[in-house]
Protein chains: 2
Amino acid sequence: MERIEHRACFGGWQDVYRHDSAVLGCTMNFAVYLPSQAEKARLPVLYWLSGLTCTEQNFITKAGVQRYAAEHGVIVVAPDTSPRGEGVADDPAYDLGQGAGFYLNATQQPWAAHYRMHDYVAEELPALIEAGFPANGVRGISGHSMGGHGALTIALRQPGRYRSVSAFAPIVAPAQVPWGEKAFAAYLGPDRADWARYDATELLKTATERLPLLVDQGQADEFLAVQLKPELLREACAKADHPLTLRLHPGYDHSYYFVASFIGEHMAWHVRAMKG
Amino acid sequence: MERIEHRACFGGWQDVYRHDSAVLGCTMNFAVYLPSQAEKARLPVLYWLSGLTCTEQNFITKAGVQRYAAEHGVIVVAPDTSPRGEGVADDPAYDLGQGAGFYLNATQQPWAAHYRMHDYVAEELPALIEAGFPANGVRGISGHSMGGHGALTIALRQPGRYRSVSAFAPIVAPAQVPWGEKAFAAYLGPDRADWARYDATELLKTATERLPLLVDQGQADEFLAVQLKPELLREACAKADHPLTLRLHPGYDHSYYFVASFIGEHMAWHVRAMKG
């Protein structure tokens, strides 16, 4: 594990590390923000999953999360969105292949060799963080768009593993929308029964843990009606009697200006659960 | 004037406009953040000048200023850093030509036709803002690196025009450092007497207004010793008995992580002067 960026920020350090991932079979970057409190204490960790086309850089440069992490004493970890590199399968489209891992374990060729972002985010990365940084083992998870899908599905698939979960403009029902249908068919094959394991609205049907969900959605989001469909999450939570706070924000679009506007409230939500 | 971006952010709007600049003789973009208070009242405007290679985008995507502008009710305007376009002289180097206007009025060819960023920032842009947006005529100015140089020199050259001024890692004495020597020789010619009009440490010798300067500088800034030299500003202010708050921050580099960490305190500094 090699530190490739190290920048003072709000009294702490915004770092980027590079490491060889055993799960993904390639070299990966991840970002970690260490507030000043990490010099003296073990802290909870908020994992952030980014959306299509992003790397580990987008969230740390655009969301302004460091101010809130410094205020509350929370470590923030942001991985890349897929395996990367010359030996890793790719596709020219922005919504498949590198930059579009969809936080699942692929079973189909040519993807199965490297595309195991679910296990990377849920297992390998937390183990690495908890061994190498002053983390106290308490975890929250959040994300944006494809990363919101990742946060919801990983939390729902791993009862007890996360103390809190939230999402910005998540793909709540990938098995029912074009982005998810394309990616799931490629990564998981044609059998839709296999898709349900990575669809938040399906996972809610059998969820054993009542982990409350916080979801923010902009009403001017250009992907709202076709790809995001928050009403499907509302229905699934209502049917499953699963606690959901779904907030619809007039005027907000799909950009990081939307994420930046509400990341402070998400941080407070996670802190209440992670430190409560 | 055409609005080309319009994004909800912290209850207000982060917009980008395109217009034909008469001063620069080309089409220019500028960013404007309008907090919600602008719907009902005329507000002070903080002008932000960015550094080498930047456009109007860098500050609005990376600094997190919108939160503070929304909190205090301040409009924030961020222009591009030079004239742009196919008909505008350029140079392959990052520190000359497009993206490197140095906030001066060029007198030498091939630059003189378009490179008049001083007059654009000090005159044309404020006139446009005050005619087209709910601005109350009260102005502050700040910037980073080359833009810190721009903020200091424009404020010092225009007594009474700005209520407040601050800078992050500014080029305080361009006539004495490589970035400035190269740019000033190209834009202004070989006579160093002409350079003094765009050098903050020189302008302080004859400043008639005691406008207090706030300057933040990271001590791990990779450009500190060769290009920035804040000690020259300290000496010039001491000699001229000009009020200076110079803060040196251990660990901080030249990036927007540094700007983001202290932009809230700069906003508070400007608000005290602009609304006091």
Side-chain angles (χ1 to χ4, degrees), chain A residues 4-16 31-36 39 54 57-71 76 78 168-169 216-222 224 247-268, chain B residues 4-16 31-36 39 54 57-71 76 78 168-169 216-222 224 247-268:
Chain A
I4 58 174
E5 290 187 26
H6 183 56
R7 299 176 187 279
C9 188
F10 283 100
W13 293 96
Q14 180 58 65
D15 294 342
V16 176
V32 55
Y33 178 71
L34 295 166
S36 62
E39 292 166 17
C54 290
Q57 290 289 326
N58 302 64
F59 182 64
I60 63 173
T61 56
K62 293 185 173 181
V65 71
Q66 295 91 350
R67 171 179 172 158
Y68 309 103
E71 185 181 328
V76 178
F168 292 78
D216 276 325
Q217 174 63 58
Q219 290 186 295
D221 188 320
E222 53 272 40
L224 177 60
R247 309 190 305 181
L248 302 175
H249 300 282
Y252 285 85
D253 67 10
H254 201 65
S255 72
Y256 266 98
Y257 294 113
F258 164 59
V259 175
S261 299
F262 299 103
I263 191 68
E265 294 175 21
H266 281 238
M267 179 61 80
Chain B
I4 59 175
E5 290 187 26
H6 184 54
R7 299 177 188 278
C9 188
F10 283 100
W13 294 95
Q14 181 59 64
D15 294 342
V16 176
V32 55
Y33 179 71
L34 295 166
S36 63
E39 292 166 18
C54 289
Q57 289 290 326
N58 301 65
F59 181 64
I60 63 173
T61 56
K62 294 186 173 180
V65 70
Q66 295 90 351
R67 170 180 172 160
Y68 309 103
E71 187 180 326
V76 178
F168 292 78
D216 276 325
Q217 174 63 57
Q219 291 186 295
D221 188 318
E222 54 273 38
L224 178 59
R247 310 191 304 181
L248 302 176
H249 300 281
Y252 285 84
D253 68 10
H254 201 65
S255 71
Y256 266 97
Y257 293 114
F258 163 59
V259 175
S261 298
F262 299 103
I263 191 69
E265 295 175 21
H266 281 239
M267 180 62 80

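Proteins get letters first, then strands, A, B, ... in listed order; numbering begins at 1 in each. Both backbone and side-chain heavy atoms feed into the values below; hydrogens, waters and symmetry mates do not. These numbers were taken from a predicted model, which means no experiment stands behind them.
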### Message
Need one label for F10(A): side chain, backbone, both or neither, based on atoms under 4.5 Å from any heavy atom in chain B.
### Response
both
### Query
Only one of V259(B), D216(B), V65(B) forms a side chain to side chain contact (heavy atoms under 4.5 Å, CB included) with H266(B), so which one is it?
D216(B)
### Partner chain B: residue of G251(A), G264(A), G64(A) with the largest heavy-atom pair count (under 4.5 Å)
G251(A)
### Summary
Distance col, row I263(B):CD1 vs R67(A):CZ, nearest 0.5 angstrom, shows 12.0 Å
## Note on the structure
What one should report as the nearest heavy-atom pair of G218(A) and L224(A) is O-CD2, 4.0 Å
### Query
With respect to chain B, which residue among K62(A), Q14(A), R7(A), H249(A) yields the maximal number of heavy-atom pairs within a distance under 4.5 Å?
R7(A)
### Query
Out of curiosity, F59(B) CZ to F168(B) CZ, how far, rounded to the nearest 0.5 Å?
7.5 Å
